[in-house]
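All chains are named by letter (A, B, ...) in the order of the sequence lines, taking the proteins before the strands, and each is independently numbered beginning at 1.
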Amino acid sequence: MEKKEIVDILEEMGTLLELQGANPFKSRAFHNASRALEGFTGDLPAAVQSGAIREVKGIGEGIAKVIGDLVTAGRSRDYEDARKGIPAGVLDMLRIQGLGPKRIRLLHQKLKITSIDALEKAAKDGRLAKLEGFGKKTEENILTNIEALRKRSDKSLFPVAEEAASRMLAALKDVKGILRTSVAGSLRRRKEVIGDVDLLVSATDASRQNIMKQFVSHPDVERVIGQGDTKSTVMLRQGISCDLRIVSDQEFPFALNYFTGSKEHNVEMRTRARRLGLSLNEYAFTAVEEKGKKKTKIPAVRSEEDLYKALGLAYVPPELREMMGEFEAAGEHRLPKLLEPGDLRGTLHCHTTYSDGLHTLEQMAGAAKDLGWEYLGIADHSKAAAYAGGLSADAVGKQVRAIDAFNEKADGFTVFKGTECDILTDGTLDWPEKVLSLFDYVVISVHSQFRMSEAEMTKRVVTALRHPRVTMLGHPTGRLLLSRDPYPIDMMQVIQVAAEYGKAIEINAHPMRLDLDWRLCKHAKESGVKIFINPDAHSMDGLRDTFYGVGIARKGWLTQADVVNAWSTADVRNYLKQSKK
DNA sequence: GCCGTTTTCGGCCCGACTGTTTTCAGTCG
C-alpha cells in the first residue's frame, strides 16, 4: 500500500476513535502520526523492514505495527476493528459544518441516525431540538449546512479532478488504435472547481469497442453509468463523473475545441465561422450554401491552431476561453504570453517546523532547489495564530538568525525572511514594529472572526494593507473551497487600495484554497497590482502546489511581468526592499 | 497511543465563538 493511502487511513482511524468516544489523546495520536508519516520522506517499505519507522516522532510501537501491516499485507486488523460499529454514513456526517464527533456520536446513540439523509429527516421532524445539548437554532443550522454540503458535493477541486483525469488517460495511452488523447471541458480550461471530467481520444473505427472496454474496466471506476461506441460515462471512486468520447482523427481538433468550451466561447466561434460562410460543429467545417455567393473553400484543419487560424484568429489558450475579451485580442494578435510553470523561480509563503509546517527550513529550501528554483520565502504564523503554532517574538529572532546563517552558507540560493502576520479584528497587525522590522517581507492574512459583515471585514483588511511594513495580502478571499464559504469581503475595494499603496496580492495555490479567482486576478492585473503565487506549503510536497496557482494566473491573463515569482532573485529582493518602507 | 523523563507514569496547544446553558461543551481554525 502506498504512503498516501496509509496517511489517509491513520487519519480516518483517529476520526473513528473520536466517534467511538475513545481517549481523545489516543485519537490525537493517530492524527499526529498521520501528519508525521506525511512528512516522512524516506523509503517507507525499507523503513518498515528495518524498524527505522519508529524513529519518526509521533510514530510509536502501536502505530508502527499498523503501518507495517498496511505496507506488507495491505490490511490492518486494528483498522478493521476501528471501523466496526461505525457505518460509513456516520463518518459522512462529519462533512457537515458545525457537527463534530461528539454530537454525531450522540445522534448515533440516542436517535440511531446513521446517514445524512436520516439526519435531515430527524431535523425536519424536530427530533434534534429535543436532544440534550441541541436546540432549535442548532437544528436549523444543521439543515442549512446539509443544504450547503449537497450544493457543493457534485463539484471537485481542480487538483483532485486533474489527478483523476491523468490516471484515466495514462491507462488509455497504450491501448491499440488510439491516435490522440486529451482532457477537455472545464478541466482543460483550468477552472478551480470542476463538475465532471471530459476525456477525448481519436482512434481508428475498429478499435473503439476495445477502448471503451478498457475505459470502463479501469480500477478507478466505481460504476458504469453508460457505455456506447462513441461515448461512455463512469463514476470514479473519487466521486467524480467521467466521460470518454471517441472521434476520428480528422474530427479531433473540432471535437477538442467543442468539448473544451466554454459554451459562450463556442457560440462566438460558430458565429465567426458563419460570417466566413462556414458552419462549425463538433466534427467539422461545412460550407454554407448562399444564393449568389461563391461557396467558401473548406480550410484544412489538423489541429486547434489551424481552427483558430481559419477564423483569422491567433490560437487562444484553453484557459482564456471564457468570453473575457479573448476574441478581440486574438483577432488583433495581442494575446498575452501567459505565465508558464517553468517561469517560476521561487515562492514566498511557506511554513516550517517553527510553526505548523512538517519540514525544517533546510528541508524546505532543499525541496525548492530540487524544483529548480532560486529562492524561497519562509512565512510562519504570528503569535495570534496559536492553533497553528504561531511563533513568539523570541522564536522569530531565532528563526531570523537561522535563516541568516543558512544564507551565508547557501551557494546561489536565497531564503527570504517573512512572516504570515495575522490581521487582528480592528485591522492592526499581530506584530509590533520592532518585530516587523526583522523581516524582508510581511504577508498579512485573516485567521479569526470570519463572520464580520462585508463592510467591517473590508475595512479590517484594507486598514492592515495600508500599513507601511506590509508587502502583500495572503489568501485574500479566505476561501477554503468546497469546505466552507469565503468570508465576505469587497475585493474590488481591496484591489483598489493595493494599487494605490503599491501592495501585492497573493494567489493562494493551496489545493483547498485556490484563492483569488481569475476574474479578480485579471482585474488586479489591469489595476497594476503585482501578484505572488504562493503554495501556503506546510511540507516539501506542498511546494508543488504553486503550479496549481499558475493555472489561475493563466486564466487571469497574467504574464511573467505580472507575477513576482517569475522574477530573478535580485529583482525580487529589490521589490521587497522598495515595498518595505 | 506517543513522548520523555529528574524513564515505566503523567501530560498531551489553545483562544474565540456559538448555542446551549446558568457555567459550559462542542466546534473550528
Touch check for [X], heavy atoms < 4.0 angstrom, all strands: base, sugar-phosphate only, or nothing?
| X | value |
| --- | --- |
| A:Ser448 | nothing |
| A:Leu99 | sugar-phosphate |
| A:Glu61 | sugar-phosphate |
| A:Lys383 | nothing |
| A:Val446 | nothing |
| A:Pro24 | nothing |

Complementary nucleotide of B:dT8, counting Watson-Crick and G-U pairs under 3.5 Å: none
A:Arg28 side-chain N/O to B:dC13 phosphate OP1/OP2 under 4.0 Å: yes
Starting the side chain at C-beta, find the nucleotide from [options] nearest to [X].
| X | options | answer |
| --- | --- | --- |
| A:Thr138 | B:dT20, B:dC28, B:dT27 | B:dT20 |
| A:Lys26 | B:dG1, B:dC28, B:dT27 | B:dG1 |
| A:Lys57 | B:dG4, B:dC2, B:dG19 | B:dG4 |
| A:Arg103 | B:dC2, B:dT27, B:dG4 | B:dT27 |
| A:Asn23 | B:dG1, B:dG19, B:dT27 | B:dG1 |

Under-3.5 Å donor-acceptor pair between A:Asn32 side chain and B:dG1 base: no
Separation of atom [atom1] in [X] from atom [atom2] in [N], rounded to whole Å:
| X | N | atom1 | atom2 | result |
| --- | --- | --- | --- | --- |
| A:Asp430 | B:dA16 | CG | P | 12 Å |
| A:Leu94 | B:dT27 | CG | P | 9 Å |
| A:Leu106 | B:dG26 | CG | P | 9 Å |
| A:Asp78 | B:dC2 | CG | P | 10 Å |
| A:Arg105 | B:dT27 | CZ | P | 12 Å |
| A:Asp422 | B:dA16 | CG | P | 12 Å |
| A:Phe25 | B:dG1 | CZ | C1' | 12 Å |

Student check: side-chain heavy atoms of A:Glu139 and A:Phe134 closer than 4.5 Å: no
Distance-only donor-acceptor check, side chains A:Thr352 and A:Asp380, under 3.5 Å: yes
A:Arg469 charged N/C atom sitting above A:Phe439 aromatic ring, 6.0 Å / 45°: no
Salt-bridge criterion met for A:Asp81 and A:Lys84 (N-O under 4.0 Å): yes
Geometric class of the A:His538/A:His381 ring pair [parallel <30°, tilted 30-60°, perpendicular >60°]: tilted
